[in-house]
Chemist: 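One structure coming up, written as C-alpha cells, with questions to follow.
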Amino acid sequence: MSISAEQTQSLLNAAQAAAENAYAPYSDFPVGAALLTASGALFTGVNVENASFGLTLCAERTALVKAVSEGHRDFQAIAVWASRRPHGSVTPCGACRQVLAEFLSPHTPVVMTDESNGQLRILTVTELLPEAFGPAVRP
Ligand code: THU
C-alpha cells in the first residue's frame, strides 16, 4: 500500500504539531511522530522522558502503542519530526526500529525531514532495519 506525496507531507506536519506536547526536559530534544493506520486513522506520539533516563519513551513507540492499544494492527506509514537535527535527519533509534518492525510491514515508508534541503526523506522499515528478527508470521 503506498500513500501520496500530500499524505506524506501532512503526516510530517502532524508529527511536527504533536512535538509541541513532547515531554523532554532532560534532553531538550522534542520529537513528534504520526502514524497512519490502514483504515486511515491517525495516531500521534511524542517522547516522554523520565528522571530515570532509561525509562524514556520515544515518540515513535508512543504513537505505535497508542494505536495498537486502540485495536489497530495494520499501518500505511509513520512520520517522525524533531526540532533539531544534529546529525542530519532524525531517524528512529534502534529500539524503535525493532518495535516498528513488529507491526509495520518491511516496505512501509518512514517519513523524515531531510536536513540538507528541508524536504521529505523517506526510508522503508526494512531499509532502517535489514534482516530484522521477528515472527515468521505475525501471531
Ligand atoms: N527520540 C525520539 O523520541 N525519537 C527518535 O527518533 C530519536 C530520539 C527521543 C528520545 C529522547 O527523549 C530524546 O529524543 C533524545 O534522545
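Order of listing sets the numbers, starting from 1, for every ligand and every atom in it.
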Chemist: Apply side chain to side chain contact (heavy atoms under 4.5 Å, CB included) to the pair Leu12 and Leu120, showing each step before the final yes or no.
Modeler: CA-CA 8 Å; Leu12 198 55; Leu120 293 179; 3.2 Å; yes
Chemist: If the condition is ring-ring contact (aromatic ring centres under 6.0 Å, His included), which residues does Phe53 pass it with, not counting sequence neighbours?
Modeler: Tyr26
Chemist: Can you work out which protein residues put a heavy atom within less than 4.0 Å of ligand 1?
Modeler: Ser27, Phe29, Val31, Asn47, Glu49, Thr56, Cys58, Ala59, Glu60, Val90, Thr91, Pro92
Chemist: Restricting to side chain to side chain contact (heavy atoms under 4.5 Å, CB included), what partner residues turn up for Leu123, sequence neighbours left out?
Modeler: Met112, Arg121, Glu127, Leu128
Chemist: Side chain of Lys66, backbone of Gly45: donor and acceptor closer than 3.5 Å?
Modeler: no
Chemist: Between the side chain of Glu60 and the main-chain N/O of Ala33, is any donor-acceptor distance below 3.5 Å?
Modeler: no
Chemist: Excluding sequence neighbours, so at least two apart, what forms side chain to side chain contact (heavy atoms under 4.5 Å, CB included) with Asn21?
Modeler: Val46
